[in-house]
Number of protein chains: 2
Amino acid sequence: MTTISPSPRPLTRKGQETRQRIVDAAAGLIFRQGVAHTTIEDVRAAADVSSSQLYHYFDDKPALVRAVVDHQADTMIGGQETFDFSTLEGLRAWRDFLVAAQREHDCNGGCPIGSLGGQLAETDPEGRAHVAEGFKRWEATIQSGLREMQARGELTPDTDPDTLALALLAALQGGLLLTQVKRDTKPLEAALDAMIELVARLSGGSW
Amino acid sequence: MTTISPSPRPLTRKGQETRQRIVDAAAGLIFRQGVAHTTIEDVRAAADVSSSQLYHYFDDKPALVRAVVDHQADTMIGGQETFDFSTLEGLRAWRDFLVAAQREHDCNGGCPIGSLGGQLAETDPEGRAHVAEGFKRWEATIQSGLREMQARGELTPDTDPDTLALALLAALQGGLLLTQVKRDTKPLEAALDAMIELVARLSGGSW
DNA sequence: CACAGAATGGATAGGGCAATCCATTCCGTT
DNA sequence: AACGGAATGGATTGCCCTATCCATTCTGTG
């Protein structure tokens, strides 16, 4: 579900499949090697297409990268629909899931969206906008959980669920970055545990 | 104070000045445009040196980038020596300082070290190691503050100050990343306020 | 002052990579 | 079956950028 889609180019089924294959290949390569070190030739080979196909479906490399950003946002957000952000148990299950996922990658790659943010923010304004949009959608899912929590009276009335959701997402991003750099899941664990602990304590105090 | 310095090349005063000029120029450019979009030619022009000088002082571009990482770590950590991490007022003053600093840059650039981490982690193992080292030093200053706080009895005995310091740093990094991507200081404020609120509440509860 | 090594200048090679171009083939529609 | 547009193939262009090379000028030391 791409939020920013300007040109409704006519695409046959086969075309959509090819396009998707390109995006998938690009997403994998970019996740593993970063934007700058992923060449069009790399993507071309990995997706098993010709270079003209790449430029048939995408105007240029930045356009492909934007498609990857949207794709990663879709994947990431979709993969978390199973978690319940409106209970402490749900939040803790989410935390365990995220930590396990990092361990599986040996702490490589960081956040599929966040790491793109750091790479694009100062060099690709449009790409940055797409990342911001992805974060916004992600934030929304956390927000709705916390709002529900508050509606049930399990969160202090003077707590702003939206601000708390933003803080939670920030802690997650920072935890992932530190984990990626240190190749150790401790930072991610510490960051999420701390924020969840705060949520727990906000079920009674004031903030 | 570079922690990793293998080759003690003989340098005259003039040489050191030139080298420093190169690192300063590179640091500024990289902060503003990222590693990949900063060319040796850019640095050469900004530092007003010849290309042979660049390769006289640095083996290659990655080596220059490592020097920049160390330089940014020194700068960042040095610039925070004035803050007292052992009191809530100190932490809040630090928070205000960081937020103000981001506002001054119009939320551009993100964290001088953290943003480098995201760019180097998967493509430059040595660079990543330098970033990790920088974080380690940064962490240490926060740790000592929180330990002192605990020693004064202002922090619950069953709180681990080192883990809390790590969480604080993670929240900061995530806040900076989101702030950079959204071009809005709210994420940084939310992240730091949340963590400081937790610290405040850990002056009485259990964790 | 003479010598060695450091510092500087500038030109250039050489590789990598984004993007273009011209065909050719496939596919749906009438 | 014929037509138009989509999809594909692969060669090629042209630029950007890292790194090297050789020559020349400083600077400190004995």
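A, B, ... follow the sequence lines: proteins, then strands. Residue 1 opens every chain.
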Where protein sits on nucleotides 20-30 of chain D, one letter per nucleotide: B base, S sugar-phosphate only, - none, heavy atoms under 4.0 Å: BB----SS---
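The CD1 atom of A:I40 sits 17 Å away from the C1' atom of D:dT12 (whole-angstrom rounding). When rounded to the nearest whole Å, the span between CG of A:L29 and C1' of C:dC17 equals 15 Å. The CG-C1' distance, from A:L54 to D:dA7, rounds to 13 Å in whole Å. Rounding to whole angstrom units, CG of residue A:D48 and P of D:dT8 are separated by 11 Å. With rounding to whole Å, A:E17 atom CD is found 17 Å from C:dC26 atom P. Taking atom CD of residue A:Q33 and atom C1' of nucleotide C:dC17, one finds them 14 Å apart after rounding to whole Å. Distance, A:H56 NE2 to C:dT24 C1': 14 Å, rounded to whole Å. Atom C1' of nucleotide D:dC16 and atom CD of B:E41 are separated by 11 Å, given to the nearest angstrom.
The closest donor-acceptor contact from the side chain of B:Q119 to the backbone of B:S115 lies under 3.5 Å.
When each of B:K61 and A:G15 is assigned the nucleotide of DNA chain D bearing its nearest heavy atom, the one mapping closer to the 5' terminus is A:G15.
Under 4.0 Å is where a charged nitrogen must lie from a carboxylate oxygen, and between B:R44 and B:E41 at least one such pair does.
In this model, the phosphate group of D:dT8 is approached by a side-chain N or O of A:Y57 to a distance below 4.0 Å at OP1 or OP2. Residue B:Q53 has no polar side-chain atom (N or O) positioned under 4.0 Å from OP1 or OP2 of C:dA7.
If you take CG on A:L91 and CE on A:M195, they are separated by 10.0 Å, rounding to the nearest 0.5 Å.
The listed nucleotides are C:dT8, D:dT8, D:dA19; the one nearest the side chain of A:S50 is D:dT8.
When the ring pair (Phe, Tyr, Trp, His ring centres under 6.0 Å) test is applied to B:H37, no partner is found at least two apart in sequence or on another chain.
No side-chain N or O of B:Q102 forms a donor-acceptor pair with one of B:Q180 less than 3.5 Å apart.
Across A:D48 and A:R21, no two heavy atoms sit closer than the pair O-NH1, 3.5 Å.
In this pair, A:F83 and A:F97 present their aromatic rings tilted. The plane angle is within the 30 to 60° band.
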